Protein chains: 2
Amino acid sequence: MANQNVPQATAERLPLYYRTLQRLVTIGKTRISSSEFGDLLQIDSTTIRKDFSYFGALGRKGYGYDTQYLMDFLRKTLYQDELSKVVLIGVGHLGTALLNHNFQKNNNTKIVKAYDVDPKKIGTEVSGTKIYAMNELATDDNSDITAAILTVPVAHAQEAAEMALASGIHGFLNFSPTVLSLPSHAYVRHVDMTVELQALIYFLNHSMEERNSD
Amino acid sequence: MANQNVPQATAERLPLYYRTLQRLVTIGKTRISSSEFGDLLQIDSTTIRKDFSYFGALGRKGYGYDTQYLMDFLRKTLYQDELSKVVLIGVGHLGTALLNHNFQKNNNTKIVKAYDVDPKKIGTEVSGTKIYAMNELATDDNSDITAAILTVPVAHAQEAAEMALASGIHGFLNFSPTVLSLPSHAYVRHVDMTVELQALIYFLNHSMEERNSD
DNA sequence: TCACTTTTGTTAAATAGTTCACAATCTAAT
DNA sequence: ATTAGATTGTGAACTATTTAACAAAAGTGA
C-alpha cells in the first residue's frame with residue numbers, strides 16, 4: 001500500500017511534520033496551508049506539497065490540509081500505530097537523558113530495558129526502565145526489539161553493537177563517535193554531537209568571512 | 001585563501017574526516033588511500049577525493065594521503081587552531097553529558113560556562129564548568145562566545161535562544177525538539193533525537209517490507 | 001449562482017550531490 | 001633507469017533534491 005518510492009530526503013522530514021502536526025492539533029488548529037506550515041518549519045512550501053504528494057492527494061485545493069487527518073495519516077505511515085520497542089545500551093548521562101525522555105508519549109516508542117556494565121546500576125530502574133547486565137545482552141532474545149540506542153563509550157560501541165545484533169536487533173541509533181562496521185542487514189543511524197558542533201563552528205566562521213569580504 | 005565554494009555536503013563531512021585522521025595518526029598510520037579511508041568511513045572513495053580536491057591537491061598520485069599533513073590541513077580549515085568558546089544553556093542530564101564530554105581534547109572547543117534556572121545548581125561546577133543563573137544570560141556580554149548549546153526544555157528554548165542572542169551569541173546547537181525562530185544573522189543547527197529515532201524506525205520498517213515483497 | 005481568491009498537485013527547470021571513467025603521474029621494486 | 005602497479009584529481013554522466021510556474025479545483029462571499 002505505502003509507496004516504496006518515497007525519496008530519502010522526504011522520509012527524513014516526515015517525523016518533523018508529524019511532531020509539528022501534533023502540536024498544531026493540540027493548540028486547536030484544524031487547518032493549515034503548505035505555506036504557513038513551511039514558514040513554521042523553515043522549509044519551502046513547494047517541498048512540503050511535493051513531500052505529501054508522494055502519498056497521494058492529502059490536501060484540498062483552496063483550503064489546505066486538515067491537521068488531524070494529516071497527523072493520523074503520518075502516524076500510520078510512520079508505523080506509530082503499533083508500539084515500537086527499543087533498548088538502550090549504556091546508562092551514562094546521555095543514556096539517562098534518553099531514558100527520562102518520554103518517547104512513548106509522542107512517538108509510540110518505548111525503551112523497554114537498558115543494559116550497563118556498572119554493578120551499582122544493574123537491577124535498578126531509571127524512569128521506570130530496568131537496567132540489566134551488559135553480559136546478558138549477547139545471550140538475550142531481543143528479536144521483538146526494533147532498535148538499540150547506543151550510548152556507550154566509544155571504545156565499546158562496536159562490541160556492544162555486535163552483541164545486540166547477535167541478540168536479534170537490526171536497527172541502531174549510534175551516539176558514539178565512531179563508524180560501526182556491521183553486516184548489511186543491520187541499519188545504523190549516527191548522531192554525532194562533536195561533528196555537529198564542529199560543523200556549526202565551521203559554518204559560523206565561513207559565513208562571517210563571506211560577509212567581511214563581499 | 002580558503003575556498004568559499006565548498007559544497008555544503010562536503011563541509012559537513014570535514015569534521016568526520018578530521019576526527020578519523022586524528023585516530024589514524026594516533027595509531028601510527030602515516031599514509032592512507034582514498035579507498036581505504038572510504039572503506040573505513042563507509043563513503044565512496046571518489047566522494048572523498050572530490051571533497052579534498054575543493055581545497056587543492058592534498059594527496060600524491062600512486063601514494064595516497066599523508067595522514068599527518070591532511071589532519072593539520074583540516075585542523076586549520078576547521079579553525080581548530082584557535083580555541084572556540086561555547087556556552088551551555090540548561091544543565092539537565094543531556095547538558096551534563098555534554099559538559100562531561102571533553103570537547104577541548106579533540107576539537108579545541110571549550111564550554112566556558114553554563115546557565116541554568118535551578119538555584120541548587122547555580123554557583124556549582126560540573127566537570128570544571130561553572131553554572132550561572134539563567135537570568136544573567138540576557139545581560140551578560142557574550143560577544144566573545146562562538147556558539148550556545150541549547151539543552152533546555154522545549155517550552156523555554158525560544159526564550160533562551162533570544163536571551164543568548166541578546167548577549168551577543170550568533171551560533172546555536174539546538175537539542176530541543178522545536179524549530180527556533182531567530183533573525184537571519186543567527187545560525188542554528190538542530191539535533192533532534194526523537195526525529196532520528198522515528199526516522200530509524202521508519203526506514204527499518206520500510207526496508208523490511210521491500211525485502212518481503214521483492 | 002457567479003466572480004474572485006486561495007491553494008493544491010504536478011510538470012518542468014534548476015541546482016546540488018554522487019559516481020564513473022580515465023589520463024596523468026607518482027611510487028616501488030628490480 | 002626502467003617498468004609495472006597504484007592512486008590521485010577531474011571532466012562528464014548520472015542521480016537526487018529543490019524550486020518555479022501554473023492549470024485545475026475547491027473555497028468564499030456577495
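Owing to the predicted nature of the structure, the values given are computational and were not obtained by experimental measurement. Just so it is clear: chains get the letters A, B, ... in the order the sequence lines come, proteins before strands, and each one is counted from 1.
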With sugar-phosphate meaning primed atoms plus P, OP1 and OP2, does Thr46(A) contact a base, only sugar-phosphate, or nothing at under 4.0 Å between heavy atoms?
base

Measure up the Phe52(A) and Tyr65(A) rings against each other and bin them: parallel (under 30°), tilted (30 to 60°), perpendicular (over 60°).
perpendicular

Strictly below 4.0 Å: does Arg60(B) bring a side-chain N or O up to OP1 or OP2 of dT25(C)?
no

Side chains of Ser33(B) and Ser35(B): do they bring a donor and an acceptor to under 3.5 Å?
yes

Here the distance between atom C1' of dG17(C) and atom CZ of Arg13(B), to the nearest Å, is 8 Å

Describe the nucleic acid contact of Arg49(B) in one word from base, sugar-phosphate, nothing, applying a heavy-atom distance below 4.0 Å.
base

Rounding to a whole Å, what distance do you find between Asp51(B):CG and dT10(D):C1'?
14 Å

Of Arg31(A) and Lys61(B), whose closest DNA chain D nucleotide lies nearer the 5' terminus?
Lys61(B)

If I take atom CG in residue Leu58(B) and atom P in nucleotide dT10(D), what distance separates them, rounded to the nearest angstrom?
10 Å

Nearest-nucleotide pick for Lys50(A), side chain only, options being dT18(C), dA12(C), dC26(C):
dA12(C)

Starting from P on dA16(C), measure out to CG on Asp44(A) and report it in whole angstrom.
14 Å

Here the distance between atom C1' of dT10(C) and atom CZ of Phe52(A), to the nearest Å, is 16 Å

Relative to the ring of His206(B), is the ring of Tyr202(B) parallel (under 30°), tilted (30 to 60°) or perpendicular (over 60°)?
tilted

Listed nucleotide nearest any side-chain atom of Tyr63(A), set dG9(D), dG27(D), dC20(C)
dG27(D)

Salt bridge check, Arg31(A) against Glu36(A): does any charged N sit closer than 4.0 Å to a carboxylate O?
no

Return the value, rounded to whole Å, for the distance between atom OH of Tyr54(A) and atom P of dA16(D).
11 Å

Does Thr47(B) make a side-chain N or O approach to OP1 or OP2 of dT19(C) shorter than 4.0 Å?
yes

Side-chain contact, heavy-atom cut-off 4.5 Å: Phe175(B) with Leu98(B)?
yes

Report the residue (Ala9(B) or Ser33(A)) whose heavy-atom-nearest nucleotide on DNA chain C is the more 5′ of the two.
Ser33(A)

What is the distance from CD1 of Ile48(B) to P of dT19(C), rounded to the nearest Å?
11 Å

NA contact type, Ser34(B), heavy-atom cut-off 4.0 Å: base, sugar-phosphate, or nothing?
sugar-phosphate

Rounded off to whole Å, could you give me the CD-to-P distance for the Gln8(A) and dG17(C) pair?
15 Å

Could you check whether Tyr65(B) gets within reach of a base, just the sugar-phosphate, or nothing at all, counting any heavy atom under 4.0 Å?
sugar-phosphate

